[in-house]
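Down below is the structure, laid out as C-alpha cells.
These values consider heavy atoms only, across backbone and side chains, with no hydrogens, waters or symmetry-generated copies. Note that the coordinates shown come from a computational prediction; the quantities given were computed from them, not determined experimentally. Just so you know, ligand 1 is whichever comes first in the structure, and atom 1 is the first atom listed for that ligand.
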Amino acid sequence: MSTIDIGTKVAGVSFRSCLYNASGPRCTTKEELVGLGESHSGAIMMKSCTIEPREGNPKPRYACFEHCSIQSMGLPNLGYEEYLKFVDELAEFNKPVVASIAGLSLNDYVTMTKAFQDSNVSLIELNLSCPNIEGKPQVAYDIEQTEATLSAVAELGSIPLGLKLPPFYDRSFHESMAELVLKYNIRFLSCINSIGNTLIIDADKGTPALRAKHGYGGLSGPCIKPIALANVRIFHELLGDNVSIVGVGGVQTGTDVYEYLLAGASAVQIGTMYEEEGVGCFERIENELGTILKEKGYTRATDAVGALKEQ
Ligand code: DHB
C-alpha cells in the first residue's frame, strides 16, 4: 500500500513491522501463536510462561469497557517446556519469536532463562511486573529483588534480554531502574504492563467486574496510554539509543503508534485492541501508520523515534 518503511530493530534484531502483539491476549496456545506467525504482526510474542502449566484464575477474569480493559488472568499458560517445543516451528515464519518469562521465584527465572537461551527465540522478555498472583508482589517495584534477579540471569547466554516493566510514577524509580539496566546489559524495555490492582465495580450487580483477587486486576487500554507514553519517554531520555524501548498501552490506531515513536519507542505492542479485534488489527494499524508517517513527511518509522519536539 505505502512506500513507507515501517520496519525497526529491537536490541539489534530486525523486525519487518514495528507493531506486534503484547504478551497476554491470544498468544497462549500453539494455534494462537501460529496465527500470529501468519498475520501482519511484526513478531510472535508468547504468553508469559511459568515452570508448571497453569489454568489461571476463575472467570470472569477479563472485562472490556469503552476506555479500558481489566484482567486478572492469573498466568494461564502451558508451562515453559511446551513453549520450547514450538519455537523451531514458529521461527519458520521468518519473524522474531519472543519468549516471555514470569518466574514465581528467582530460581524459576534462572531455569527458564537458561532454557530459552538454548533455543531459537530472538529475544527474551523477563516479565517483572505481573500483578495478578496472590502473595507475589510485582518484582520491579522492589529494586533489590530486581537486582538479585538480573544478576542471576544476565550472563546465561547471548540472546538479548529485556524487561517488561510496570508503570513508574516518579523519576527516581526510572533512574534506579535505568542504572540496573545498564549494569546488567539489559537490551530492551517494554513499557508498560497493565496498572496493577485496580478495581472496576458493576453498579447494577453491586460486585466487582472480576471474580479473582476480590476483583482487583490489571488496567489496560486507551486510559493508560498517557502513563505509558511518559514511561517510554523518560526511559528513552535516560538510556538513549543504547537500549530499545517498546511502547505498550492503549494502541488502537496508527496515530497512537506515531505518538509512541515520537516519545522514543522503537516498536509498539498491542494488547487490548488485539484481544478485541483479532489478528486483523496489525494490518489495519500498519496501514494507518504508513498514512500518518507519509503525511508527516517521513519515509521510515525509525526516523520518528524520539522526534518529539518541545511545545
Ligand atoms: C498476567 C497479567 C499480567 O499483567 C502479566 O504481566 C502477566 C500475566 C496474568 O494475569 O495472566
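- In this structure Y184 satisfies the side chain to side chain donor-acceptor pair (under 3.5 Å) test together with E147, sequence neighbours excluded.
- Under a 4.5 Å side-chain heavy-atom criterion applied to ILVMFWY residues, the cluster that includes I201 comprises L199, Y216 as well.
- Legend: residues meeting side chain to side chain donor-acceptor pair (under 3.5 Å) with S72, ordered by chain and number and at least two apart, are N57.
- Put simply, OG1 on T272 and NE2 on H67 are 13.5 Å apart, with the number rounded to the nearest 0.5 Å.
- The six-membered or imidazole ring of Y20 lies away from that of F282, with a centre-to-centre distance of 6.0 Å or more.
- Of the inter-residue distances, the one linking L293 atom CG with R300 atom CZ reads 12.0 Å to the nearest 0.5 angstrom.
- Under 4.0 Å from any atom of ligand 1, one finds heavy atoms of residues K47, Q71, M73, G74, L75, P76, N127, C130, P131, N132, N193, S194.
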